[in-house]
2 protein chains.
Amino acid sequence: MQTLTRNQQIIFDIINKSSEPLKAYTILSNVQKKGIKAPPQVYRALDKLIEMGKIHKIESKNAFVACQNSSCNVSKATAFSICESCEEVTEISNSKISKYLSNFAEKAGMEYKKYNLEFFGLCKKCK
Amino acid sequence: MQTLTRNQQIIFDIINKSSEPLKAYTILSNVQKKGIKAPPQVYRALDKLIEMGKIHKIESKNAFVACQNSSCNVSKATAFSICESCEEVTEISNSKISKYLSNFAEKAGMEYKKYNLEFFGLCKKCK
DNA sequence: AGTTTATTGTTATAAAATAACATTATGTAA
DNA sequence: TTACATAATGTTATTTTATAACAATAAACT
């Protein structure tokens, strides 16, 4: 269990408290009062947090969310549903889907390391 | 069957001929001699081509590939494997996986429209 | 303590995407 | 065919996202 450095902790806290994915520059503007002033500081922390599996990047949105999956300490596989109406992003906890997809990748002849899956549509509330 | 406009055709041809995903500004530099001079012209064509399902965006790479799936004329569902060594990107033709995933989304309570799936690892050659 | 390794701070810049507005082309319906 | 609407294009400027490069600190190791 890796401990976070100061910058990593500050940035993780903000992402973790947020109810929605945060963009790097939104994070930046929220931590400038704490002395984190420049983009590289944010991006470096984000990179490490992703490596540790503490956060994930929503590629289609260039935004970052805390991992909801308590067992997820390596960022091996991520799956999200994204509502095109209310923009809600939900992490799909995914033992089944994960098993299915890793199997699929192996069959396809790939030495599989991770995947990223993003569903788009309307969430329960919006449909 | 929709016909392409001049700019769309030029840009589709370049993507279609390429053996690898192309970035918007790479495309731009390749079409400037044909009179397409500015980013918006490229991005507009890309957006339309995506709508038509002629190309897909590899979100994790900000790059674009022609659709390999002849039946794919709506960009409903995309799946790619990306080799982290040689950078090869392959579209996975995906009736099974597609069925599985759309089922999965429905069960999760989502009104599903499309998904994007990106596998990372080592391809056959590189592993 | 001295050395390596990781993290941080900082400035500048690169890369990716879009806003805004003027212009031209295409389709369509009286 | 003319008038109107719609779509596509051209253009300039700007915004947004991400990284290069290098100096300074801090932490971990022997």
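Just so it is clear: chains get the letters A, B, ... in the order the sequence lines come, proteins before strands, and each one is counted from 1.
Scanning for salt bridge (Lys or Arg N to Asp or Glu O under 4.0 Å) contacts around A:Glu84 gives B:Lys113, with sequence neighbours left out.
For the pair B:Pro40 and B:Gln8, nearest-nucleotide mapping onto DNA chain D gives the more 5' position to B:Gln8. The 5' end of DNA chain C is approached more closely, in terms of each residue's nearest nucleotide, by A:Asn7 than by the other of B:Asp47 and A:Asn7. When the nearest nucleotides of DNA chain D are assigned to B:Arg44 and A:Thr26 by heavy-atom distance, the more 5′-ward of the two goes with B:Arg44. Taking the nucleotide of DNA chain C with the nearest heavy atom to each of A:Ala45 and A:Ala38, the more 5' of the two is matched to A:Ala45.
Using a cut-off of 4.0 Å between Lys/Arg side-chain N and Asp/Glu carboxylate O, B:Glu118 and B:Lys61 are scored as not salt-bridged. Residues B:Glu111 and A:Lys124 are not paired through a salt bridge, judged by the lack of any N-O separation under 4.0 Å between the basic side chain and the carboxylate.
In this structure, B:Tyr100 has its ring center under 6.0 Å from that of A:Tyr100.
Per the geometry, CD belonging to A:Gln32 stands 13 Å off P belonging to C:dG9, to the nearest Å. The distance between atom CD of A:Glu59 and atom C1' of C:dA16, rounded to the nearest whole Å, is 14 Å. Across the protein-nucleic acid pair, A:Leu28 atom CG and C:dG9 atom P stand 12 Å apart, rounded to whole Å. Atoms CG (B:Leu22) and P (C:dA16) sit 12 Å apart, rounded to a whole Å. Taking atom CD of residue B:Gln41 and atom P of nucleotide C:dT23, one finds them 16 Å apart after rounding to whole Å. A:Gln9 places its CD atom 14 Å from the P atom of C:dT7, with the value rounded to the nearest Å. Rounded to an integer number of Å, the gap from CZ of A:Arg6 to C1' of C:dG9 is 12 Å. Rounded to whole Å, atom P of C:dA16 lies 4 Å from atom NZ of B:Lys23.
Among the atoms of the strands shown, none is found under 4.0 Å from any heavy atom of B:Lys61.
Atom OH of residue A:Tyr112 and atom CG of residue A:Asn103 lie 10.0 Å apart, to the nearest 0.5 angstrom. Summarising the geometry, atom CZ belonging to B:Phe120 is positioned 10.0 Å from atom OG belonging to B:Ser81; distances are rounded to the nearest 0.5 Å.
Between A:Asn62 and D:dA18, a side-chain N or O to OP1/OP2 separation shorter than 4.0 Å is present. OP1 or OP2 of D:dA8 has at least one side-chain nitrogen or oxygen of B:Lys48 nearer than 4.0 Å. Applying the 4.0 Å criterion to OP1 and OP2 of D:dT9, one finds that B:Thr5 has a side-chain N or O inside that range.
Screening B:Asn30, B:Leu28, B:Ile36 for a side-chain contact (heavy atoms from CB on, under 4.5 Å) involving B:Gln32 leaves a single residue, B:Leu28.
Applying the 3.5 Å distance criterion, the base of C:dA14 shares no donor-acceptor pair with the side chain of B:Tyr25.
Using five terminal pairs a side, the axes of the helix from C:dA1-D:dT30 to C:dA30-D:dT1 at its two ends make an angle of 40°, given in steps of 10 degrees.
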